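Reckoned from all heavy atoms, side chains included, excluding hydrogens, waters and symmetry mates. Keep in mind it's a predicted model, so treat the numbers as computed, not measured.
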Amino acid sequence: MAASTPGSGARRSRTRRGRSAEGPSGEGPSEEGLSGERLSRGERSGAGLFDTDDSAGRRSRKKQAEESVDPETRARDICLRLLTGAAKTRKQLADALRKREIPDEVADEVLTRLEEVGLIDDASFATAWVESRHAVRGLSRRALAQELRTKGVAADLVEQAVAQVDHDDESDAARALVERKLRSTRGLDRQVRTRRLVGMLARRGYSEGLAFRVVRAALDEETGEPSETAWE
């Protein structure tokens, strides 16, 4: 019986461990190990893949369902949904229909019908807009007119709507805005306070002359001393 050389037992032990890890033949990893590894990698790389496909599929099916409905019905449904949340101008609705690829002639016909039944009324929209924005935010006539033009309201309707705010209304609104902001500027130099308050009014559309007059009067009243600078 041949004597075992030193270290031979350790070599055999390492060989057995290597074969156990690699597979019966010792030539590489077992099929079971490879399959498990591939499955694990596939699960990791495929995470979220089916969710994405499902989302894309739902969007595609929704679009196909919408396209299967005639354009006039689609246009009417879109407008009614938008009008449920808040009043809209004709231009706002027309822009929404164009984004949904409704043909222009169909959109025009639907919008005209909605105007005839009173669901679209740019004149009423403009009047309500001016009342709300002037009362809540203290906007000037100039700022209000610009907002209405942006929303597509006709020039004559804009003029009629802003006419409900006269010069006295603007002055009162400007004074109220300054009084609300006056306390936050206390402790600053008068010129700095004047510049900040006038800038605040200018951002709401007030003319420079009106803004300076209102700010100067408010600061004079607060200090009890008239300003030495005459703003024109």
Practice item. Please answer whether the main-chain N or O of Gln92 pairs with a side-chain N or O of Asp95 as donor and acceptor at a distance below 3.5 Å. Key: no
Revision key, fill the gap. Here the pair of heavy atoms bringing Cys79 nearest to Leu111 is SG-CD2, 3.9 Å
Practice item. Could you tell me whether Glu159 atom CD has more than 12 heavy atoms of other residues or ligands within 6.0 Å of it? Key: no
Check your understanding: Hey, is Asp108 close enough to Arg90 for a salt bridge, meaning N to O under 4.0 Å?
Key -> yes
Point to revise | Arg193 bridged to Glu222 by N-O distance under 4.0 Å | key: yes
Review point. Which hydrophobic side chains are connected to Val192, either touching it within the sub-4.5 Å cutoff or through other members that do?
Key: Leu188
Review point. Any side-chain heavy atom of Arg100 within less than 4.5 Å of one from Leu97?
Key: no
Practice item. Considering non-hydrogen atoms only, spot the tightest contact between Gly205 and Ala143 and give its length. Key: CA-CB, 4.1 Å
Exercise for review: Would you check, one step at a time, whether the test side chain to side chain contact (heavy atoms under 4.5 Å, CB included) holds for Phe212 with Thr194?
Suggested key: CA-CA 8 Å; Phe212 273 119; Thr194 299; 3.8 Å; yes
Review point. From His134 NE2 over to Leu144 CG, what is the distance, rounded to the nearest 0.5 angstrom?
Key: 7.5 Å
Practice item. To the nearest 0.5 Å, tell me how far Leu119 CG sits from Leu80 CG. Key: 7.0 Å
Check your understanding: Taking NZ, NE, NH1 and NH2 as the nitrogens, is one of them in Arg76 or Asp70 under 4.0 Å from a carboxylate oxygen of the other?
Key -> no
Check your understanding: Any salt bridge between Lys151 and Glu147, counting N to O under 4.0 Å?
Key -> no
Exercise for review: Determine the minimum heavy-atom distance between Leu210 and Ser171, stating which atoms define it.
Suggested key: CD1-OG, 3.7 Å
Point to revise | Leu182 with Val198, same ILVMFWY side-chain cluster at under 4.5 Å | key: yes
Check your understanding: Same hydrophobic cluster for Val158 and Leu139, using side-chain heavy-atom links shorter than 4.5 Å among ILVMFWY?
Key -> yes
Point to revise | Glu101/Arg74 ion pair, N-O < 4.0 Å | key: no
Practice item. To the nearest 0.5 angstrom, please state how far the CG atom of Leu157 sits from the CG atom of Leu148. Key: 9.5 Å
Review point. Trp129 and Val136: same hydrophobic cluster, using ILVMFWY side-chain contacts below 4.5 Å?
Key: no
Review point. For the atom pair CD (Glu115) and CG (Leu93), what is the distance rounded to the nearest 0.5 Å?
Key: 9.5 Å
Check your understanding: Are Leu114 and Ile102 grouped together when hydrophobic residues (ILVMFWY) are joined by side-chain heavy atoms under 4.5 angstrom apart?
Key -> yes
Check your understanding: Do Arg175 and Asp172 sit within salt-bridge range, that is, some charged N less than 4.0 Å from a carboxylate O?
Key -> yes
Review point. Within the distance-only criterion (no hydrogens, no angle test), does the side chain of Ser184 pair as donor or acceptor with the backbone N or O of Lys181 below 3.5 angstrom?
Key: yes
Practice item. Please report the closest heavy-atom contact between Val162 and Ala145, naming both atoms and the distance. Key: CG1-N, 4.0 Å
Point to revise | Non-hydrogen side-chain atoms of Arg190 and Arg216 separated by less than 4.5 Å | key: yes
Review point. Does CZ belonging to Arg149 count more than 12 external heavy atoms closer than 6.0 Å?
Key: yes
Review point. Which atom names give the shortest non-hydrogen contact between Arg204 and Leu177, and what distance separates them?
Key: CD-CD1, 3.4 Å
Review point. Under 6.0 Å from the CZ atom of Arg186, do we count more than 12 heavy atoms belonging to anything else shown?
Key: yes
Point to revise | Of all pairs that satisfy salt bridge (charged side-chain N to carboxylate O under 4.0 Å, His left out), the ones with a partner from residues 116-129, not counting sequence neighbours | key: none
Point to revise | Electrostatic pair Arg81:Asp77 at N-O distance under 4.0 angstrom | key: no
Review point. In Å and rounded to the nearest 0.5 Å, what is the CZ to CD distance from Arg196 to Gln191?
Key: 13.0 Å
Practice item. Apply the test salt bridge (charged side-chain N to carboxylate O under 4.0 Å, His left out) to residues Glu72 and Arg113: give CA-CA distance (whole Å), side-chain angles for both, the deciding distance (0.1 Å), then the verdict. Key: CA-CA 11 Å; Glu72 183 176 343; Arg113 191 174 304 125; 3.1 Å; yes
Point to revise | Check: Val130 main-chain N/O paired with Gln164 side-chain donor or acceptor under 3.5 Å | key: no
Review point. Would you say Leu83 and Val153 are hydrophobically clustered, going by side-chain heavy atoms of ILVMFWY under 4.5 Å?
Key: no
**Study point:** Reported CD1-to-OG1 distance for the pair Ile120 and Thr89, which is rounded to 0.5 angstrom
**Key:** 8.5 Å
Review point. Which heavy atom in Ala87 sits nearest to a heavy atom in Phe125, and how many Å separate them?
Key: O-CE1, 3.4 Å
